[in-house]
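These notes are about the structure you will find just below.
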Amino acid sequence: MNTWVEGAAGSLFDIDNLPYGVFSRPGEEPRVGVRIGDQVLDLAPVAAAEMLDVHHVFEEPTLNPLMAEGPQVAASIRRWITGLLTDETERGLVEPHLLPLAEVELLLPVEVADYVDFYCSLEHATNVGRIFRPDAEALLPNWRHLPVGYHGRAGTVVASGTEVVRPSGQRKPPEADAPTYGPSARLDIEAELGFVVGTPSALGHRVGVDDVAGHVFGLVGLNDWSARDIQAWEYVPLGPFLGKSFATSISHWVTPLAALDAAWVDLPGQDPAPLPYLQGSAARGLDIDIEVELNGEVVSRPPYASMYWSPAQMLAHMTVNGASLRTGDLFASGTVSGAEREQRGSFLELSWGGKEPFAGGHTFLEDGDEVVLRYTAPGTGGGRIALGEVAGTVVPAR
Ligand code: CA
């Protein structure tokens, strides 16, 4: 299927991609758009002109009302948009509502409900265990039995491009007698994928592995900024707290699950077999390639296909106790790190705890550093698609 939109065919944002975002223009209300090539289709006026039942969901400042419509409506909207952009007879109606990306401001696409961050990479968990606890077993006893996670801070999830203020807090190096307060000296990134929930679930009800497509609307790129010195001092015994909660950046674009139909792959292998509630045919991985760019130079290429736990298993685990889902819930994979050094998804690992500088002498983030995470996957049209990129620049502590 070919689109009539100039420049889109064969690009990373061809007709088989169609991610959603929220945009605004000067003096206009924020509303929902879909990306094709380097343009945004302003969906609200087109849906109103065609008297679509759900046209109101495009007039909102977040994707939440659209996502809450559920997977069947999402599929029919995707078919409608595909028709608009491939059928030459629609061109006269649609073309005036295609806006160049350069002329719109892209906003945080989702009103984030709850935010959960997992820890699903075997290589990352092993590396962090070795760096943080050199004298102990790298993997804790629970790691191969459940996707380890924690509840993060939804209110500090920010859109790509938002400046990241260097956080301050308590730090205590192992050799020091007492903690001190001040700006983090070990500010880091975590290259991750985020999954956004559309369809809620009832309190007391658990969502099974094979129900993932009934609840997850789509994917975002995600950078879980982390202050390693604050984290190392505070995280025992209750887990990450202020070392993570100052900012989590997500992409402007939410890639619908349907755009990734060609990207599902088998997991690398789970040993021992997980408990029955974590098993199912949807317990699969995703063949998504990530690039970590520091100040314009690619410093790492983490492969999402190497992740030990699948998105469906994360969802099943986070609801197995009956905890309910809300529209806008965001759950993230944890840092994606492959087996090779140049596949590590954090500076903590790339510099091995700050001991092995990389990329021309870097260890942790300096003020002024810009990090961009980029993501591509096989598309259903035979080429590749891009997920939304995540950018952020570090600014000095305040
Ligand atoms: Ca993380």
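Numbering of ligands and ligand atoms starts at 1, following listing order.
- Under 4.0 Å is where a charged nitrogen must lie from a carboxylate oxygen, and between Arg91 and Glu6 at least one such pair does.
- Among heteroatoms of the N, O or S kind in Glu190, OE1 lies nearest the Ca ion (ligand 1).
- The minimum distance between the Ca ion (ligand 1) and any N, O or S atom of Asp117 involves atom OD2.
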Going by atom type alone, with no hydrogens or angles, which donor-acceptor pairs under 3.5 Å involve a side-chain atom of residues 294-303 and a protein atom two or more places apart or on another chain?
{"unit_1": "Asn295", "atom_1": "OD1", "unit_2": "Glu370", "atom_2": "N", "d": "2.7"}
{"unit_1": "Asn295", "atom_1": "ND2", "unit_2": "Asp369", "atom_2": "OD1", "d": "2.9"}
{"unit_1": "Ser300", "atom_1": "OG", "unit_2": "Glu342", "atom_2": "O", "d": "3.3"}
{"unit_1": "Ser300", "atom_1": "OG", "unit_2": "Arg344", "atom_2": "N", "d": "3.3"}
{"unit_1": "Ser300", "atom_1": "OG", "unit_2": "Arg344", "atom_2": "O", "d": "2.5"}

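- The N, O or S atom of Glu192 lying closest to the Ca ion (ligand 1) is OE2.
- Taking the Ca ion (ligand 1) as reference, the nearest N/O/S atom within Asp224 carries the name OD2.
- With salt bridges taken as basic N to acidic carboxylate O contacts below 4.0 Å, none links Asp42 and Arg25.
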Intermediate values then yes/no, side chain to side chain donor-acceptor pair (under 3.5 Å), Asp229 and Ser184: CA-CA 6 Å; Asp229 39 6; Ser184 170; 2.7 Å; yes
